[in-house]
Asks: 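Before anything else, here's the structure in question.
Below, chain A is the first sequence line, B the second, and so on; all start at residue 1.
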Amino acid sequence: TMAAAALPQKRYYRQRAHSNPMADHTLDYPLRPEDGWSLETVASLRPCFQVNLDNLGLGEGEFLITVLEVSPIKFSSSPRLQLDVLFSEAVMLTIQTTTHESRKGHYFNTACLIGQAKTCGPLKEFTPTQLSKMFFLFPDPHFKKTKHKWRIISSMLLAEYAYVLRLGGLVYTITDVDEVHDWMVKHFTEHPLFERVSLEELKSDIILDRLGTCTEEGKKVLRNGGKNFTAVFRRVEDR
Amino acid sequence: SMAALRFSRDWLVISSGSKFLAHSCGDKSDNQKPFVYDCSTAVKEPAPEEKGNDGHVNSKGSDRILAFTFSPSGKYFALIDDSKRLVLFRTEPSWECLSVRCLVRRCTSLAITHAEGQILAADKSGDVYSFSILEAEKAGELRLGHLSMLLDVALSPDDKYVLTADRDEKIRVSSLRSPYDIESFCLGHREFVSTILVLPNHPNLLLSGSGDGTLRLWEYKSGREVLCCELTAFLEPESAGSEKKCTVTRITHCTQGDYIAVLCSSLPVVHILQLDSQSLQLTHKQKILLEHRGWDISYAEPSSLWVLQEDKKEAALLYRLSGGQWQCIARPNGEKILRTSVHKRFLCSLFAESVGLESPYDSLYKVTFDNMGDYLRNKEVRLQQRKRKGEQPLASRETKKHCKNSQSSVQC
């Protein structure tokens, strides 16, 4: 076929596992959801001004590609809004390449966005209740107690996630650090706007199984004989 | 932390350094003595042990007053100082300190609910704590949090919503009863949001001032921006080119006539605007040029505007509305505080503590540095090198070296 455009190889691109959440990064982000995303911000074919079908929230590079291949998501975006920003130039290029070339159908209207929870949060990119799914994949553990407030999951930040997630929307978390897993479960369970969903209930969920096997971090953990901890939470109305 | 002033129905409070002076200005003013309080004499509460894993000990602050506020009726008065203390006062029948409580972090702003049940304190790490007024010794409760430094907190007149303004351009509107439930965000500012004010005449409208030099009006429940007023547009052309940024540091509202006064730091100017509540338009009415940098402004009923400026001798100025213009009253008759020489001397020493201080807002501007340019340039060089080598595939060792080089050259 026309697979002439080789997929970009990640090793040629700068990568950062995590970055300082408190620094003022040079990021191009919309000032409010109505402003839409500029083409420079979003490495996609078309700018998305109103995202309203099934959306993906916080994601990770390779995982996004997998999700697009396995599930018929009509419109997705992977805004990298987390504290720990993986530099995703390679992913952006993958999407660009593949959008142009062979796998056109899969990557239609996919976009990558780098953001920062401090300045943007998810809220400058999305209108309230716009998202149906959010993924927190191998977040920076921030082991030190004084750095705990930098964790992407905290009782205070959950309010912002609840704000952009529609009722019934799901949050997926995965980590290989059991302490962080307990931390995330604790905070989501204690939050009045979220409830935990048992993994049995999600047996038919095509994404759930792939969290551990299709993310780069997940693969690395499995390769090294580690264990991944998964949890899913649902956005509910105030109890 | 510069000098500040605020009115209640019966009192005028002027603060500077670690002291404040409460001067009665109501009907009963003749038989009320001024009240002076010095935070450096306040009880030093043992600060809660706050050592992290890394053994970091929080630095002890000075006793400077960082913010203060009256309760809506004027019955209570609360202040926060640089030593992370919240001090609560009763103003009736006479001034009395009710409690000194510890804060987790240094706070930037205070608000008291209209029901006068709780004090909300917004801090530098982005959290809002509530403190009970009736149980004056009770510790604070964490209510909500931003990930960025908070600069102001306000309440809707019905106490239904708490509004918080942060250093990263956002204003958040949350339910006071369940603050994890966000009602809306007011987004659009391009720099830190330094001050917010819910208009008492128009309980659904919010005014906000920012380091971006704009004043914005919002319907805060929906987060809709009603209008944006570029204050730099009203400056003289000769000062427009100056390096100094126009930072809105205080907004005050005069119920009579819907006048709005806006203080910009670094530029010695107070803008007076008027709100047309029918058309929701702001009209620029007047520009008061000060001789020195402005510290604070406040309207006092009925229709007088007080201005504090950075000057030891003539720090407090009084403006009255006359013939459609706000004019400085050189020899105010009724205003004892500016007339009596005893007061004048005291105020001089008070203000001396704030003269020459740097504006706390200057450090809040975003400082970004971009190493993307370097990175892309380096990459271009790399690609060119590879091209010159022709079709020859790169040895794996060399590739690794390239990666390493590019990484080390783009470290922040």
Asks: Above 12 or not: heavy atoms from other molecules or residues under 6.0 Å from NZ of K124(B)?
Replies: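 Atom NZ in K124(B) is not packed in, count stays at 12 or less.
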Asks: For E225(B), is it the side chain, the backbone, both or neither that has a heavy atom under 4.5 Å from a heavy atom of chain A?
Replies: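 When you check distances to chain A, only side chain atoms of E225(B) fall under 4.5 Å.
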Asks: If I compare all heavy atoms of M156(A) with all of R172(B), which pair ends up nearest, and what's the gap?
Replies: O-NH1, 4.3 Å
Asks: What residue, out of S174(B), S178(B), S184(B), S125(B), has the most heavy-atom pairs lying under 4.5 Å from chain A?
Replies: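 Most heavy-atom pairs within the cutoff with chain A belong to S184(B).
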Asks: Do E160(A) and L147(B) have side chains that approach each other closer than 4.5 Å (heavy atoms only, starting at C-beta)?
Replies: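 They are not in side-chain contact.
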Asks: Looking at E237(A), I'd like to know if its CD atom is crowded, meaning that more than 12 non-hydrogen atoms belonging to other residues, nucleotides or ligands lie closer than 6.0 Å.
Replies: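 Open.
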Asks: Hey, are Y163(A) and D181(B) close enough side-chain-wise for a donor-acceptor pair under 3.5 Å?
Replies: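 No - no donor-acceptor pair under 3.5 Å links their side chains.
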Asks: Would you check if Y180(B) and L193(A) make a side-chain contact, meaning some heavy-atom pair closer than 4.5 Å?
Replies: yes
